[in-house]
Amino acid sequence: YARGRVPPFDETATAQVAYVLRGVTTAYARGVEEVYYFLLRTWFNREGTVQFGLLRKDLTPYPAYAALALYNSLLGGGRHAGSLTRAGLVAHEFATPRGRVALAWGGEASRSLVLPVREQPRVLDAMGQPVAVEGSAGAWRVALKRSLPVYVRDAVWLEALAPPVPRRGRIVGADPQ
């Protein structure tokens, strides 16, 4: 996925990416110190029940595997610095060794995130691809689609929207470089 080419998502892959990223983020926001994804490979039992892991039966990765790797790369070593929930929008800001990063999503319907900052923000989708940002200084607009989170780099905008509520959850994993 990292070579500028992201395969099309089906509904299951989209739901899994959203579930994994939103779940891990919510856990850290609530003060959980460490989060583990317990099922690496998809598991089938004799009765036909399926539990989806991050790898297919043939050990090729689902998109959620790459999304979780990106999450760890961007937020690894960071601390939850604040949250915002407003009109279906959820945003969590993290202070990382590489700067401030927020993860934001907007529920099941598509919505827009307005960023009240002067310089055009750097925004990535859940798979690390750049997201189009429209508008001008003080009112940059990012479209949120399919309930998938987006990353906003240098996310000092959260303080402009609402004072952060500090939490103690720390993301362990990627070593800061």
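Considering every non-hydrogen atom in both L70 and A126, the closest pair reads CD2-O, 3.5 Å. Between P121 and L115, the closest heavy-atom pair is CG-CD1, 3.3 Å. Across all non-hydrogen atoms, the minimal contact from V101 to R153 is CG2-NE, 3.9 Å. Taking both residues in full, the closest heavy atoms of P61 and R56 are given as O-NH1, 2.5 Å, listed atom of the first, atom of the second, then distance. Across every non-hydrogen atom of L54 and A64, the tightest pair is CD2-CB, 3.8 Å. Closest heavy-atom contact between P149 and A18: CD-CA, 4.4 Å.
For the pair T25 (side chain) and L21 (backbone), a donor-acceptor distance under 3.5 Å is present. Checking side-chain atoms of T26 against main-chain N and O of R22 turns up a donor-acceptor pair under 3.5 Å. No donor-acceptor pair under 3.5 Å is formed between the side chain of N72 and the backbone N or O of G76. Side-chain atoms of R100 do not come within 3.5 Å of backbone N or O of V152 as any donor-acceptor pair. For Q16 (side chain) and G53 (main-chain N/O), a donor-acceptor pair under 3.5 Å exists by modelled atom type.
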What's the verdict on side chain to side chain contact (heavy atoms under 4.5 Å, CB included) for V24 and V32, showing C-alpha distance, side-chain angles and the deciding distance? CA-CA 9 Å; V24 171; V32 173; over 6 Å; no
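Every residue was checked against the side chain to side chain contact (heavy atoms under 4.5 Å, CB included) condition with E134, not counting sequence neighbours, and none meets it. Considering only residues two or more places apart in sequence or on other chains, R122 meets the salt bridge (charged side-chain N to carboxylate O under 4.0 Å, His left out) condition with D154.
For the pair L148/T14, a side-chain contact is recorded, criterion being any heavy-atom separation below 4.5 Å from C-beta on. Residues L113 and W140 form no side-chain contact, since every pair of their non-hydrogen atoms from C-beta on lies 4.5 Å or further apart.
When each of V123, L124, L103 is tested with V150 by the rule side-chain contact (heavy atoms from CB on, under 4.5 Å), just one qualifies, namely V123.
Distance check: L55 CG to Y62 OH gives 9.0 Å after rounding to the nearest 0.5 Å. For the atom pair L74 CG and Y151 OH, the distance stands at 6.0 Å (nearest 0.5 Å). Residue E33 holds its CD atom at 9.0 Å from OH of Y28, rounded to the nearest 0.5 Å.
By the 30° and 60° cut-offs, the orientation of the rings of F94 relative to H80 is perpendicular.
S83 and H92 share a side-chain donor-acceptor pair at under 3.5 Å.
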